[in-house]
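Only one structure is covered here, and it is reproduced in the block below.
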Amino acid sequence: MITSSILVLFGLGFVAAAILAMASKVLYVKEDPRIAQLEDALPGVNCGGCGYAGCGGAAHAVVEGKSGSNVCVIGGLETAQAVAAVMGLEVLEMEPELAFRDCTGGERAEELYHYEGAGDCRAQALLYKGSKTCPEGCLGLGTCVAVCPFDAIHMGPEGLPVVDPLACRSCRKCVDACPRNVLSIVSMSERLLHQEEINDCLAPCRQKCPGQINIPKYIEQAGKGDYAGAIHTLRERNPLLLVCGRVCPRPCEADCRRTHVDEPVGINMIKRFVADWEMKNNLRLEIPCAKETGHKVAVIGGGPAGLSCAFFLRRLGHSPTIFDSMPALGGQLRYGIPEYRLPKKDLDWEIQGILDLGIKVRTEMKFGIDFTTQSLEKEGFEAFFMGLGAWASGNLRIEGEEAPGVISGTELLTSVGLDKAPDIGNKVLVVGGGNTAIDTARTSIRLGCDVTILYRRTRNEMPANLEEIEGAEDEGVKFLFLTAPTKVITGEDGHATHLECVKMELGEPDESGRRRPIPIEGTETRYPADTIIAAIGQKPALSCFYSEGSDQCVLDFTRWRTINANPDTLQTSVPNVFTGGDLFTGPDLVISAVGAGRRAARSIHFLLTTGEIPVADNIMRKLIPYTLFKDVDGVKHKERSTMPYLCDGSHRTSTFSEVEGALSEEELKHEASRCLRCGLICYDRDIPLAEVVTARVGEKVE
Amino acid sequence: MQEYFLLFISAIFVNNIVLAQYLGNCPFIGTSKKISVAIGMGSAVVFVATMAASITWAVQQYLLNPFGLQYLQTLTFILVIAALVQFVEMFLKKVVPPLYKALGIFLPLITTNCAVMGIAIICQREEFTFIKTVAFSFASGLGFMLALIVLSAIREKIEVSRVPKALQGTPIALIMAGLMSLAFFAFKGMIA
């Protein structure tokens with residue numbers, strides 16, 4: 001029996017082996033020898049973190065070119081080098097990537113479905129695949145936590161996933177598992193390149209900010225005392241914190257949800273505090289930059305748009321050079337905004353921080369005269385950013401305006417900025433109602449003049465910021481409303497002596513929505529003046545784009561005499577020329593120019609590295625309607641902090657010292673605590689959601 | 001015809017290879033986390049179980065029974081199934097690469113799958129004809145696939161539910177498998 005058993009088993013084994021041996025010859029499939037080598041090089045733990053079926057699957061993927069030498073998410077640099085050695089590749093340093101969650105909602109989002117009366121969205125998610133009221137935010141189900149093979153995500157106290165940066169291997173499992181696309185794997189460059197999309201967690205303030213700054217995040221960081229973190233958040237979108245902290249008219253505050261409770265959060269005060277904190281402590285926080293790419297880009301114009309574009313290009317690894325016609329960088333920040341609003345030493349400190357990243361500068365170089373894009377191309381520049389600003393003044397279009405003694409507001413501000421204040425006499429008339437008019441008037445007051453502003457509509461229609469108007473009134477600037485100039489009267493020497501004006505009345509609203517001023521016949525009055533300053537708008541000076549004797553320019557212009565470009569990519573009619581700032585929009589805010597600088601840098605980056613400039617289908621172009629509430633319930637009143645004045649009385653009008661100060665640390669904490677930490681539709685309530693809903697609909701919510 | 005229909009129904013529902021015979025629990029728990037994986041594994045089992053039962057039927061009929069070596073059944077079946085799976089793997093890799101890729105890592109997993117072995121042995125115990133063996137093994141494979149897909153669907157839902165920490169993962173899967181097994185006992189009354 002034993003013999004026959006052994007014989008049968010051996011016989012069977014032999015037959016099986018023979019068949020397999022023959023089969024292996026006949027059915028032999030030539031396999032890349034590198035697969036076996038790669039299987040040896042990989043750690044062999046089959047964790048599945050890479051997304052392939054074991055290390056064998058990963059080895060196949062590398063050989064087939066589906067994955068790189070960094071296929072193994074747990075092996076680290078050593079494994080990547082071993083894999084690269086097999087594949088004949090070189091391991092280069094890569095920007096670190098991390099799982100990232102932008103949503104601030106979690107359990108604060110109101111629930112659309114109520115399962116059997118219980119406000120449990122998990123039940124409804126399982127049964128109906130429904131969602132919370134917020135169509136984009138985190139449901140707080142924790143699917144990402146369950147799938148993470150490295151225990152790098154846990155649910156935080158607010159029902160939102162929190163990523164541990166030390167444990168995260170950026171394997172993408174959480175991203176793939178997330179049913180709401182709330183998580184993503186991003187590197188610093190990707191964050192810098194991201195354009196706001198309507199699916200992002202965008203609080204109304206963030207939607208309104210032309211710079212696309214993550215406002216709720218930096219306010220939260222500042223409120224917690226993490227000032228460095230707040231600065232890093234700001235610098236992801238805006239390199240000019242000190243500047244914007246002082247001069248931004250803060251459009252974001254207009255849409256702050258807190259307005260429906262009491263007053264908007266003092267967003268800009270918080271920005272100014274953290275920016276000042278860095279400068280006063282002379283910290284110069286490190287600004288990370290991507291690996292050098294070697295692409296040379298010319299940034300023409302050193303104003304806010306140019307500085308922002310150069311800053312972001314440098315951070316993306318490119319080599320920008322700024323060309324500016326003036327002796328120092330800053331553009332209108334330096335030559336258009338008076339010292340009392342933006343001290344030059346603060347501006348210098350901020351610009352130096354940007355240049356320290358390795359940005360080259362060539363000042364006193366006039367575009368169209370000292371250089372052209374063609375001459376720069378010969379030097380190896382591959383792309384151009386045009387940020388020449390709007391330096392030309394609008395005309396009064398009245399008789400005698402060419403006379404000596406009639407100057408423009410920008411002319412006065414520029415000469416004061418260059419420390420060459422002109423003699424403007426004692427009696428000054430300023431024509432206009434915008435911020436430039438106010439800046440001109442307050443500057444003239446500081447030069448010791450008696451200043452009157454003439455505006456053809458009423459105070460309510462003035463486009464200048466209210467606090468600027470009030471500041472001018474406090475400093476003794478006089479106003480003549482409903483008054484329009486008709487003629488400049490000159491003396492025997494040809495110098496202006498009087499301005500003849502006519503009284504106006506308001507008629508029907510015009511296309512701007514403001515009531516149109518109509519002159520009243522027979523009300524002509526002459527006002528004496530040593531200097532008449534026209535501050536009625538600025539426009540780009542485009543003559544530099546035309547070469548001498550030519551009336552043709554390669555760039556397209558709009559009928560408003562600004563450069564024509566794609567509003568999403570800022571690419572002009574010449575593919576490697578981009579624009580932004582006042583040259584593209586006409587006179588606008590500093591933060592709009594900063595935002596445009598970043599968008600142009602993004603486009604230049606994509607053009608230079610991939611040849612194409614992608615624009616997402618769902619980028620945010622206007623405010624998202626369902627995020628704008630009519631009322632905000634469950635929030636208690638909290639008084640807004642006031643910005644302190646640094647100097648008063650005669651000191652304020654006799655020097656150019658800074659007028660506004662910064663909040664104290666205590667006031668900052670108070671102001672940050674007023675922020676509701678809004679997401680798309682969620683916000684922090686002082687009263688729990690359940691009680692609010694109960695009070696609103698009379699239902700008991702568990 | 002009715003006989004085959006009953007054989008089919010009985011193999012799939014009443015005597016389900018996992019839920020009634022408790023064979024193949026390891027791959028049942030191991031590959032039931034996602035429906036897509038469960039379908040892959042189920043298809044591989046259907047394919048291999050049918051082939052293995054057919055070949056072991058021949059080995060039993062023409063080698064073991066004539067020489068009175070039935071006591072070597074387990075050893076020879078292991079040998080035959082292991083060799084068969086290896087052969088199938090080589091064959092598919094050469095001749096039908098898309099199918100080989102689709103089945104992926106599941107073919108080697110089946111080499112030591114007791115469900116496949118169990119099906120082959122049951123066919124011998126019940127003294128089925130060759131046709132019945134093919135029908136029964138195919139239906140048993142389908143039964144395995146059905147149980148696997150149902151469990152994976154349940155587990156996908158459980159993954160987004162609140163489960164006490166101690167029961168998360170395999171423990172709750174085993175509890176679910178147990179409940180499924182109880183539920184399948186209801187099919188007992190279907191065939192008298």
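Order of the sequence lines sets the chain letters (A, B, ...), proteins ahead of strands, with each chain counted from 1.
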### Message
Using every non-hydrogen atom in the two residues, find where B/Phe87 and A/Leu27 come nearest and quote the distance to one decimal.
### Response
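Scanning both residues, the minimum pair turns out to be CE1-CD1, 4.2 Å.
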### Query
Do the non-hydrogen side-chain atoms of B/Met90 and A/Val26 ever get within less than 4.5 Å of each other?
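No, side chains not in contact.
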### Sequence-distant partners of B/Lys132, side-chain hydrogen bond (donor to acceptor under 3.5 Å, both in side chains), two or more places apart
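Listed in chain order: B/Glu3.
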### Task
Write out all pairs satisfying salt bridge (Lys or Arg N to Asp or Glu O under 4.0 Å) with one or both partners inside residues 42-66 of chain B, taking only residues at least two apart or from two chains.
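Counting only pairs at least two positions apart or across chains, no salt bridge (Lys or Arg N to Asp or Glu O under 4.0 Å) contact touches residues 42-66 of chain B.
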### Query
chain A heavy atoms under 4.5 Å from B/Leu84: which part of the residue, side chain, backbone, both or neither?
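No part of B/Leu84 comes within 4.5 Å of chain A.
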### Query
Using non-hydrogen atoms and a limit below 4.5 Å, what part of residues 66-77 of chain B faces chain A?
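Interface residues of residues 66-77 of chain B: B/Leu69, B/Tyr71, B/Leu72, B/Leu75, B/Thr76.
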### Task
Could you grab the distance from atom CD of B/Glu89 to atom CG of A/Leu20, nearest 0.5 Å is fine?
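Between B/Glu89 CD and A/Leu20 CG, I get 11.0 Å after rounding to 0.5 Å.
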### Query
Between the main-chain N or O of A/Tyr28 and the side-chain N or O of B/Lys94, is there a donor-acceptor pair closer than 3.5 Å?
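Answer holds: yes.
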### Query
So does A/Phe100 have more than 12 non-hydrogen atoms from other groups sitting under 6.0 Å from CZ?
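Enclosed.
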### Query
Do any of residues 144-169 of chain A come closer than 4.5 Å to chain B, heavy atom to heavy atom, and if so which ones, in number order?
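Listed by number: A/Ala146, A/Val147.
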